[in-house]
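This report refers to the structure that appears directly beneath it.
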Amino acid sequence: MQIDSSVPVVAAGLVGGYTVARYSGRRAFGGAVFAAAGVAAGRSWLARGPVVTVGLAAAYLGAFGASHPLAKKIGAWPSVLAVTAAAAAGTAGVLTVVDGER
């Protein structure tokens, strides 16, 4: 089974965005990393159609949003890692199903 190239991009966007924001002290820099990874992943999803693209983009943005309240409960790094795992696994799962139907 081959993992789609957008899966590590999703993971890099979430973990990388948080890392850059935390260690640079500039949330906007982290946001730029997150956004760039989202655009890169989204471009590869376009070939699977608009429904897949919008759904995976919503999941990516939702993971980012969910990490904030989750961080208050379990800590920043555990939160980022948890939502990253969920977003990457979800992306891989959806793309495996979609690509299997082609």
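Starting from 1, each residue takes its place in the sequence as its number.
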For residues 51-58, dump all side-chain donor-acceptor pairs below 3.5 Å to protein atoms at least two apart in sequence or in another chain.
from	atom 1	to	atom 2	distance (Å)
Thr53	OG1	Trp45	O	3.0
Thr53	OG1	Leu46	N	3.4
Thr53	OG1	Gly49	O	2.8

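- In this structure, the side-chain contact (heavy atoms from CB on, under 4.5 Å) partners of Phe34, at least two apart in sequence or on a different chain, are Leu14, Tyr60, Leu61, Phe64.
- Atom CD1 of Ile3 is separated from atom CG of Leu95 by 9.5 Å, given to the nearest 0.5 angstrom.
- Residues Leu81 and Val9 fall into different hydrophobic clusters, defined by Ile, Leu, Val, Met, Phe, Trp and Tyr side chains chained together at heavy-atom separations under 4.5 Å.
- Hydrophobic cluster membership of Val33, counting Ile, Leu, Val, Met, Phe, Trp and Tyr whose side-chain heavy atoms lie under 4.5 Å apart directly or via other members: Val20, Phe29.
- Residues that satisfy the side-chain contact (heavy atoms from CB on, under 4.5 Å) test with Ala88, not counting sequence neighbours, are Val7.
- Between Gly13 and Ala37, the closest heavy-atom pair is CA-CB, 3.3 Å.
- Among residues two or more places apart in sequence or in another chain, the side-chain contact (heavy atoms from CB on, under 4.5 Å) test is passed with Ser67 by Ser79, Val83.
- Partners of Thr19 under the side-chain contact (heavy atoms from CB on, under 4.5 Å) rule, at least two apart in sequence or in another chain, are Val15, Tyr23, Trp77.
- Qualifying side-chain hydrogen bond (donor to acceptor under 3.5 Å, both in side chains) partners for Tyr18, counting only residues two or more places apart in sequence or in other chains: Arg22.
- A ring pair (Phe, Tyr, Trp, His ring centres under 6.0 Å) check over residues 81-100, counting only residues at least two apart or in different chains, returns nothing.
- Each salt bridge (Lys or Arg N to Asp or Glu O under 4.0 Å) pair with one or both residues in residues 2-20, not counting sequence neighbours, appears once here: Asp4-Arg48.
- In this structure Thr91 satisfies the side-chain hydrogen bond (donor to acceptor under 3.5 Å, both in side chains) test with no other residue, sequence neighbours excluded.
- In terms of the side-chain hydrogen bond (donor to acceptor under 3.5 Å, both in side chains) criterion, Arg27 has no residue partners (sequence neighbours excluded).
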